[in-house]
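The block underneath contains the structure these notes are about, expressed in structure tokens.
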There are 2 protein chains.
Amino acid sequence: MTIKISIDCMGGDHGPAVTIPAAVSFVNSEPEAELILVGLESAIRAELKKHKAADHPRLSVLNATEVVTMDDPLEVALRRKKDSSMRVAINLVKDGRAHACVSAGNTGALMAVSRYVLKTIPGVDRPALCALIPNQKDAPTYMLDLGANVDCEAQHLHQFALMGAVLVSALEGKAKPTIGLLNVGEEDIKGNDVVKQTAALLRADHEKDLLNFHGNVEGNDIFEGTTDIVVCDGFVGNVVLKASEGLGRFVKKVLTTEFKRNPLNMLGALIATGAIKAISRRMNPSRYNGASLLGLRGLVFKSHGGENAYGYEWAIKRAFDAAKYDVISRISKSIAELMSQPETDPAAAGGSGVNDLTQQKSA
Amino acid sequence: MTIKISIDCMGGDHGPAVTIPAAVSFVNSEPEAELILVGLESAIRAELKKHKAADHPRLSVLNATEVVTMDDPLEVALRRKKDSSMRVAINLVKDGRAHACVSAGNTGALMAVSRYVLKTIPGVDRPALCALIPNQKDAPTYMLDLGANVDCEAQHLHQFALMGAVLVSALEGKAKPTIGLLNVGEEDIKGNDVVKQTAALLRADHEKDLLNFHGNVEGNDIFEGTTDIVVCDGFVGNVVLKASEGLGRFVKKVLTTEFKRNPLNMLGALIATGAIKAISRRMNPSRYNGASLLGLRGLVFKSHGGENAYGYEWAIKRAFDAAKYDVISRISKSIAELMSQPETDPAAAGGSGVNDLTQQKSA
């Protein structure tokens, strides 16, 4: 079976200089993959030539005349740049011409355009962003939501857990990945009402063997790798992620200062440089690149904006694996089952269909 | 003027072996301080003798026969151990025999007992825990709330900001410390309703020159030191703090592994040990020890459980400075002014008087 992936070649800090070599390398390593390269045709063809892939039978080019920049307001990405590489790549998924899309563009724009073009899966009113966080077990912790939904009810967190479990099954080959609910303590009595209600929903699913609920986890468990998946609302997820990035930069600065203070100054500097590189690699590994926008009627993967070709290829690989495993159908099935359960209030589960990104845009 | 501080000598991992040398050192360095040492009299007197302070004129001993352990449920600390060193030390504040109390005991128990004994300041229905987080500017970021209040409304976050500003004025000597509101972006349109409402309240205060509101800050700003104070609800605060601790342990592990991998093996190990110690000192400095329980009718300071005497002395110093600056009267005045403002809804500001710790206890 051929899996077709549309690539927003213009997104990210480096554009075709990163996306094209990544695409070429991936298509050469994966015989079932076919990639549609979307963006400024001349720039893409020049890069393809450079990588000796101008006539690759499983690489095609689709011209798109505009580019969504990192500074473009959502408004511009959504309403004006209708021929952007991002929009055209997502349209391919909508039209059934691609199974998944990969972009390194602006996260807010990608979420807004994907949501607008693809719409959500019936029963899902809030798509979530799920990224891979490195942990002490040298494995990824899948964490969602990371910023799209700042006000969540229990049924949203419940859906995030279900969608995350389907994704992790696809990408990690785990039949029943463990799910942790982010809280201020492990005990059932801890936390706010939304978290307590979510825990009750997840426990009920666990008892029916629908998923593998570990229970509450705390902030440290993200990095300890206690569970495969950590579920939280987008406010908490965003703050934790950015705090971790800030702490990372702080550590880097302290390391540099401390080593430069070493009496064997040159040696200290040398060791510091090596150590910082090694730590950066472990803390922010390129092989964990490729966050997923879950809950849409199509697969969209987000690469870090500054990622290199090796990392970008990992995002393509994740999109490929998710498509091959048919994550959308599995999530749809899982959500439909959830909605058909007698104890679920369909009105509550259905919700308003308006997510926070959209609300913010018009605020 | 003499400032009297009651010391829970039994709290923390080390008890009198840490608390007594800290108390002796502090009282010798601060002629206006008088310390009341609370706990098992024989153990305290033995330590005092060891530190040549058995007859110090400004050190007195008050016997308390029980100790709240780290594993004691709140119930036990609150209802059963009525002669614990923690409870007796807090009682001294209530009875006006001490201006402030310091304890390295169990945080949950300390908050519950303090709240039960001291009660809250009129208008404050949720006391907050405010700790010092090291930042890149080599200064502390004061962050609150850190775990006591998992469901906050805008008026609670508003009060946290006011109380934090009074505390930082006292401890850092800054007339108008800057206040940041933790959010998922800097723009006004970002965040959930509670955060947006809080920002509106803080902006109004800023315009009246009642406080110095910087605006929204993001997770990374905590460690960048963008503002003197970061305000958030206790759920987010707790998760961020624990995630940071988890990331810190992860960094430590990676550092050790990477240096041991160094071909100059012995040298690598040596450098790693030194570097990790230096980094730990910078990331978790003893001089930032001493979190404050704000919003009560008395000053209570919490030392880390594992802190050494140098760090514990810093917690005593913070309690002393807060008492000398009369933080309680200033907070009371600030909250009273807030409640007298026509635009504040007194019913909403008054609230139920029940905080989450108490709710959890009886859940």
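To find a chain, count down the sequence lines: A is the first, B the second, and so on, and within it residues start at 1. From a predicted model like this one, the values you see are computed outputs, not experimental measurements.
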Look at atom CZ of Arg203(A) and say whether more than 12 heavy atoms of other residues, nucleotides or ligands are closer to it than 6.0 Å.
-> yes

Taking all heavy atoms of [X] and all of [Y], pick out the closest pair and write down the distance.
X	Y	value
Lys242(B)	Val184(A)	NZ-O, 3.1 Å
Ala243(A)	Ile222(B)	CB-CD1, 4.5 Å
Asn183(A)	Phe235(B)	OD1-CE1, 3.5 Å

Interatomic distance, [X] atom [atom1] to [Y] atom [atom2] [nearest 0.5 angstrom]:
X	Y	atom1	atom2	value
Asn149(A)	Asn192(B)	CG	CG	11.5 Å
Asn238(B)	Lys190(A)	CG	NZ	8.0 Å
Leu247(B)	Ile133(A)	CG	CD1	10.0 Å
Arg249(A)	Gln136(B)	CZ	CD	7.5 Å

Side chain / backbone / both / neither for Val195(A) at chain B, heavy atoms under 4.5 Å = side chain

Considering only heavy atoms, which portion of Asp193(A) lies under 4.5 Å from any heavy atom of chain B: side chain, backbone, both, or neither?
-> both

Can you list the residues that meet the side chain to side chain contact (heavy atoms under 4.5 Å, CB included) rule with Asp138(B), with sequence neighbours excluded?
-> Arg282(B), Arg287(B)

Where on Glu224(B) is there a heavy atom nearer than 4.5 Å to chain A: the side chain, the backbone, both, or neither?
-> side chain

